[in-house]
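Naming: A, B, ... by sequence-line order, numbering from 1 per chain. Everything numeric here is computed off the predicted structure, so don't read it as measured data.
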Amino acid sequence: MAEEVKSPARYTITAALPYTNGPIHIGHLAGVYVPADIYSRYLRLIGKDVAFICGSDEHGVAISMKAKKEGVTPKDVIDKYHAIIKKSFVDFGITFDNYSRTSAEVHHKTASEFFVKLYEQGDFIEETTAQLYDEEAQQFLADRFVVGTCPRCGHEEAYGDQCENCGSTLNATDLINPKSTISGAVPSLKETKHWFLPLDKYEGFLKKWILEGHKKDWKPNVYGQCKSWIDDGLKPRAVTRDLDWGIPVPVKGGEGKVLYVWFDAPIGYISSTKEWAEREGKDWEPYWKDKDTKLLHFIGKDNIVFHCIIFPSILKAHGNYILPENVPANEFLNLEGNKLSTSKNWAVWLHEYLEEFPNMQDVLRYTLTANAPETKDNDFTWKDFQARNNNELVAIFGNFINRVVVLTNKYFNGVVPNPSNFSKVDKETLAELKKYPEIISSSIERYRFREASQELMNLARLGNKYLADEEPWKVIKEDAERVQTIMFVALQIATGLAVLSEPFLPFTSKKLKRILNVSPSASCLPAGRVEGSIEWNDVSNKETLLPANHLIGKAELLYRKIEDKEIQAQLDKLEATKKANEKENKALMPQKDTITFDDFSKLDMRVGTIVAAEKMAKTKKLLVLKVDTGLDTRTIVSGIAESFAPEEIVGKRVTVLVNLAPRALRGVDSEGMILLTENSDGKLVFVNPDEDGVGNGLTIN
RNA sequence: GGCGAGGUAGCUCAGCUGGUUAGAGCGUCGGAUUCAUAACCCGGAGGCCGAGGGUUCAAGUCCCUCUCUCGCUACCA
C-alpha cells in the first residue's frame with residue numbers, strides 16, 4: 001500500500017502554512033520553503049506537472065491572544081503578517097503556484113465540508129468536560145487565557161498551559177487564584193462538549209502504512225518520531241475548541257465553537273489547490289485524489305505528528321483522498337548557537353535581510369541549502385554565511401563565469417567561437433558536464449538538497465579546473481585556433497551552470513542567462529516552455545548547449561564579496577537584541593500589591609548552607625537538599641536540577657524561607673524554600689549573602 | 001523516567017544491506033599560476049569514527065551497557 005508512484009502523472013507539493021503571528025525568518029526558509037522550492041523548480045525544469053501549494057495559517061488562540069494584547073482585531077493581525085509573509089516569499093523567489101490563506105472563504109467552505117462529512121460518517125466521538133469559563137465575557141477560556149499562581153513555584157503570572165518562570169507544564173484548572181485575562185474575572189467551571197477524532201482507531205492503518213510501508217524511504221527522524229507516537233498508543237484528539245476566532249463548528253451543538261486550528265490548517269492545502277485550479281481553469285481533484293499523483297509535504301520537525309499521523313488519519317477517514325508519499329521534514333536551524341525565537345526577536349527576518357543585503361537572495365538561499373538541518377539541528381552563523389559566499393559563490397561559481405565571459409569577450413568579441421579538434425580532455429570534460437543533471441537529480445529526488453547544492457558547485461569546479469589546465473591565456477599567443485575550442489568547451493559548462501543552478505539560485509540563473517544571452521527556462525515563467533530555452537535534461541542530451549557564432553553579453557559579476565565589517569554589524573545587531581531581551585525580561589513583572597510590615601514580618605528568612613544534595617530519582621528537575629538553617633538541618637526539595645549539579649552546590653550559602661508550610665513533593669517532605677532568581681540565559685542563581693562570616697540561622701530583614 | 005534522533009578530521013557534513021591504507025567541502029600549511037572579485041589549480045598535514053564491552057575471519061557500520069546534545073512524552077506540582 002505504500003508503493004512509490006512509479007512515474008507520477010502529477011505532483012502536489014505542499015509547504016507548511018506559516019502561522020501569521022509574526023514575519024518569517026531564516027529558520028522557516030531553511031527548513032521548509034527553500035527545499036520545497038528547489039524541488040518544485042526542479043520538477044518543472046524536467047517538464048513535470050506540479051502544483052506547489054501554500055498559504056497563511058490564520059486561526060487559533062495565539063492570534064486572538066496577540067490581537068487582544070495589541071488592542072486590535074484578529075483580522076488586523078493576520079492581514080498584517082499575511083502581507084509581510086507573502087511578500088517575503090515573492091522576494092526570495094519561492095515559486096508557489098498558489099499562496100492562499102485560511103481565512104479565505106474557499107477554505108472555510110472546504111474545512112466545514114470536511115468536518116461535516118466526517119461527522120455524518122460517525123467518525124467523531126463527542127465528549128463533555130468541565131472547562132474554565134468567564135461569566136463576564138461569556139466564553140470559555142483557552143489555557144493561555146488564564147493566569148494565576150503556579151502551584152509549583154509560586155510564580156503569580158503563570159499561564160494556564162505553562163509557567164514561564166519554572167517551565168512546568170500546567171493545566172489551567174490547576175492554577176491557584178486563576179484569573180481570566182479577558183475580563184479579569186475569576187473563572188468558573190462549566191461543562192462543554194467537544195468532538196474528538198479517535199486516533200486509536202487508525203492505529204492499524206498507520207502501523208501498516210508508515211511502520212511497514214515507509215520504513216526505508218522516509219527520513220529516520222520522521223519515521224522515528226512517528227514510531228514513537230504510534231508505539232506510545234494514540235488517543236482521541238479534540239478537533240474543536242471553545243473560541244470565537246476560527247471556522248465555526250458546522251453541526252448541531254457547535255455554537256460558539258470553532259474547528260481546532262490543527263484540524264483546519266492542513267485542509268488549507270486542499271483549499272489553496274482549489275483556488276489555484278479555479279484561477280488556472282484546471283480540475284483540482286486529481287491533485288488530491290488520483291492514485292498517480294505524488295503528494296509531498298515539506299515541513300519542519302515540529303509538524304511531523306500532524307502531517308504524518310493526524311492529517312493522514314483525517315484524509316483516510318474521509319476516504320477519497322490520497323496520502324502523502326513522503327514527508328521530508330527538516331530539523332531546526334539555530335542562530336549563532338541559540339534557538340530561533342519570534343518572541344525573543346532572536347532571528348534573521350527575511351524582510352530585514354533584504355534591506356541589509358539587497359539583491360542577495362541567492363546568497364541566503366545557498367547558505368541555507370548548503371547548511372540545511374537535514375538530519376539534525378544545525379547552526380546558522382554569520383561567519384559561515386560569509387564563508388559560503390566568499391569562498392564558494394564568489395570564488396568558485398562567480399569567478400568561473402567571470403573568467404569565461406571576460407575571455408570570450410577579449411579574444412572573440414563575445415562571439416562563441418567555432419571549435420575544431422576536441423582533445424581527449426575536451427571530450428572528457430564535456431562528458432563530465434553531461435553527467436551533472438543526473439547527479440544533481442539523484443540528490444534532489446532523495447531530498448538531499450545540501451548534497452545537491454555541493455554537486456552544483458562541483459560543476460563550477462570542473463570549469464575552473466578545465467581553464468587552469470588548458471591555460472587559454474598562454475595558448476592564445478601561439479595557437480589561436482586551439483583557444484577557440486577551449487573557450488567553446490568552457491562556454492558549454494557556463495551554460496550548463498546557468499540551467500542547473502536554477503532551482504537553487506534562481507536569481508543568479510536568470511542573470512547568467514541574460515549574460516549568456518539565452519532564454520529563461522520554463523520554470524521561471526508560468527507559460528511553460530519557451531522557444532529556444534534550455535531545460536534540465538538538455539544539458540545531457542543536447543550535443544551543443546551554446547552554439548558557435550552565438551553572441552553573449554558583457555561580463556557582470558554574479559556575486560560580490562562580503563566584508564568582515566558587514567558580518568560584524570550583524571553580530572552587533574544580535575548582541576543588541578540579546579541586551580534588549582535582558583532589559584525586557586527585567587521589566588516584565590509589574591510591582592505587586594502593597595503589603596504591610598506585618599505581612600513582611602510573617603516571612604522568616606534565614607541564612608543557610610547546603611550540606612547535602614542529591615537528585616531525586618525519576619525526575620528531571622528535583623533535587624533533595626539538606627540545608628543547615630542554624631536552627632536545624634532540614635530537607636528541602638527544590639526544582640533546580642536543570643541548573644545545578646548536586647555536587648557543585650554542596651557548601652553553598654543560600655537564603656531560606658524557613659516557615660513555609662511543609663509540602664510533600666514526590667513523597668518527600670519539603671520544609672522550606674530556597675530563594676533563587678535567574679540570569680539572562682534562564683539559569684537559576686542563588687540569592688545569598690556575598691560576604692563570608694555570616695552565620696547560619698541569622699534572620700534576613 | 002519512557003521513546004525518538006544525533007554524537008565521524010579545527011568547522012559543516014557523507015559513509016547503502018559489516019570487507020582492502022575512514023571520505024568531501026571549508027579552514028590550515030606548502031607548491032604552481034596570473035585570464036579572473038589576491039580569486040582559481042595541484043599537493044601535504046590533520047581522525048583510538050562519544051566511552052566500554054560483545055558477536056564475527058572482518059565493525060564507523062550489528063548487539064548490550066554507559067555518557068553528552070536536541071526533541072517528544074510522562075512524573076512532579
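Comparing the P positions of B/U61 and B/C16 gives a spacing of 11 Å, expressed to the nearest Å. Here, B/G7 and B/A51 have their C1' atoms 12 Å apart, quoted to the whole Å. When the C1' atom is compared between B/G52 and B/G60, the two are found 16 Å apart, to the nearest whole Å. Comparing B/C35 with B/G23, their P atoms sit 37 Å apart, to the nearest whole Å. The same atom, P, is picked in B/G1 and in B/C66; the two are 10 Å apart, to the nearest Å. With C1' as the reference atom, B/U8 and B/G47 are 8 Å apart, rounded to whole Å. For the C1' atoms, the distance from B/C13 to B/U17 is 22 Å, rounded to whole Å. Taking atom C1' in both B/U34 and B/A39, one finds a spacing of 10 Å when rounded to whole Å.
Residue-level contact check: A/Pro220 touches the backbone only, with heavy atoms under 4.0 Å from sugar-phosphate atoms and none from bases. No engagement by A/Glu471 is indicated, since no non-hydrogen atom pair under 4.0 Å with the nucleic acid exists. Across all strands, A/Asn399 comes closer than 4.0 Å to base atoms (heavy-atom distances). Residue A/Tyr559 is in base contact, counting any heavy-atom pair closer than 4.0 Å across all strands shown. Residue-level contact check: A/Asn378 touches the backbone only, with heavy atoms under 4.0 Å from sugar-phosphate atoms and none from bases. As judged by a 4.0 angstrom heavy-atom cut-off over every strand, A/Leu558 is placed among the base-contacting residues. Counting any heavy atom pair closer than 4.0 Å across all strands shown, A/Lys227 reaches no nucleic acid atom. Among the atoms of the strands shown, only primed sugar atoms or phosphate atoms (P, OP1, OP2) are found under 4.0 Å from some heavy atom of A/Lys376.
Using a 4.0 Å cut-off, no side-chain N or O of A/Asn458 falls inside it from OP1 or OP2 of B/G25. An OP1 or OP2 oxygen of B/A39 is reached within less than 4.0 angstrom by no side-chain nitrogen or oxygen of A/Asn391. Side-chain N/O atoms of A/Thr375 include none lying less than 4.0 angstrom from OP1 or OP2 on B/U12.
Atom pair A/Tyr447:OH and B/C13:P shows a separation of 22 Å (rounding to whole Å applied). Atom CD of A/Glu451 and atom P of B/G15 are 8 Å apart (whole Å). Distance A/Asn334 CG to B/C70 C1': 9 Å, rounded to the nearest Å. Regarding A/Lys465, its NZ atom lies at a distance of 11 Å from the C1' atom of B/C40, rounded to whole Å. As rounded to whole Å, 18 Å separates atom P of B/U12 from atom CH2 of A/Trp382. With rounding to whole Å, A/Asp232 atom CG is found 10 Å from B/G4 atom P. The separation between A/Arg450 atom CZ and B/C11 atom P is 15 Å, rounded to whole Å. Regarding A/Trp473, its CH2 atom lies at a distance of 8 Å from the P atom of B/U34, rounded to whole Å.
Inspection of the A/Lys219 and A/Asn326 side chains reveals no N or O donor paired with an N or O acceptor under 3.5 Å. For the 3.5 Å distance criterion, the side chains of A/Asn402 and A/Glu556 fail to qualify, holding no donor opposite an acceptor. With 3.5 Å as the limit, one finds no donor-acceptor pair spanning the side chains of A/Tyr436 and A/Asn458.
Between A/Tyr39 and A/Phe298, the distance separating the two ring centers is shorter than 6.0 angstrom. In this structure, the ring of A/Phe385 has its center less than 6.0 angstrom from the ring center of A/Phe357.
Each of A/Ala460 and A/Arg448 lies near RNA chain B, and the nucleotide nearest A/Arg448 is the one positioned closer to the 5' end. If A/Trp229 and A/Ala387 are placed on RNA chain B by their nearest nucleotide, the residue sitting closer to the 5' end is A/Ala387.
Taking only side-chain atoms of A/Ala395, from C-beta outward, the nucleotide of B/U34, B/G25, B/C40 with the closest atom is B/C40. Taking every side-chain heavy atom of A/Val406 into account, B/A36 is the closest of B/C41, B/A36, B/A5. Between B/A14, B/C35, B/A39, one nucleotide has an atom nearer to the side chain of A/Lys561 than all others, and that is B/A39. Side chain of A/Lys474, nearest nucleotide from B/C40, B/U33, B/U73: B/U33. For A/Asn402, taking side-chain heavy atoms from C-beta onward, the closest of the listed nucleotides B/C41, B/G71, B/U37 is B/U37. The nucleotide whose nearest atom lies closest to any side-chain atom of A/Leu557 is, among B/U37, B/C26, B/A36, B/U37. Picking from B/G25, B/U37, B/C3 the nucleotide with the shortest atom distance to the side chain of A/Val394 gives B/U37.
By the salt bridge (Lys or Arg N to Asp or Glu O under 4.0 Å) test, A/Lys383 is found to be paired with no residue, residues two or more places apart in sequence or in another chain being considered.
Looking at A/Glu212 and A/Lys208, no side-chain N of the basic residue comes within less than 4.0 Å of a carboxylate O on the acidic one, giving no salt bridge.
In this structure, the separation between CG on A/Leu197 and CD1 on A/Ile309 is 12.0 Å, given to the nearest 0.5 Å.
A cation-pi geometry, defined here as NZ or CZ lying under 6.0 Å from the six-membered ring centre and within 45° of its normal, holds between A/Lys301 and A/Phe332.
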Just distance, no hydrogens or angles: give the donor-acceptor pairs under 3.5 Å from side chains in residues 222-236 of chain A, sequence neighbours left out.
unit_1	atom_1	unit_2	atom_2	d
A/Tyr223	OH	A/Leu211	O	2.8
A/Lys227	NZ	A/Asp231	OD2	2.7

Legend entry - Base-pairing string, 5' to 3', of RNA chain B - Watson-Crick or wobble, under 3.5 Å, | interstrand: (((((((..((((.....[...)))).((((.........)))).....(((((..]....))))))))))))....
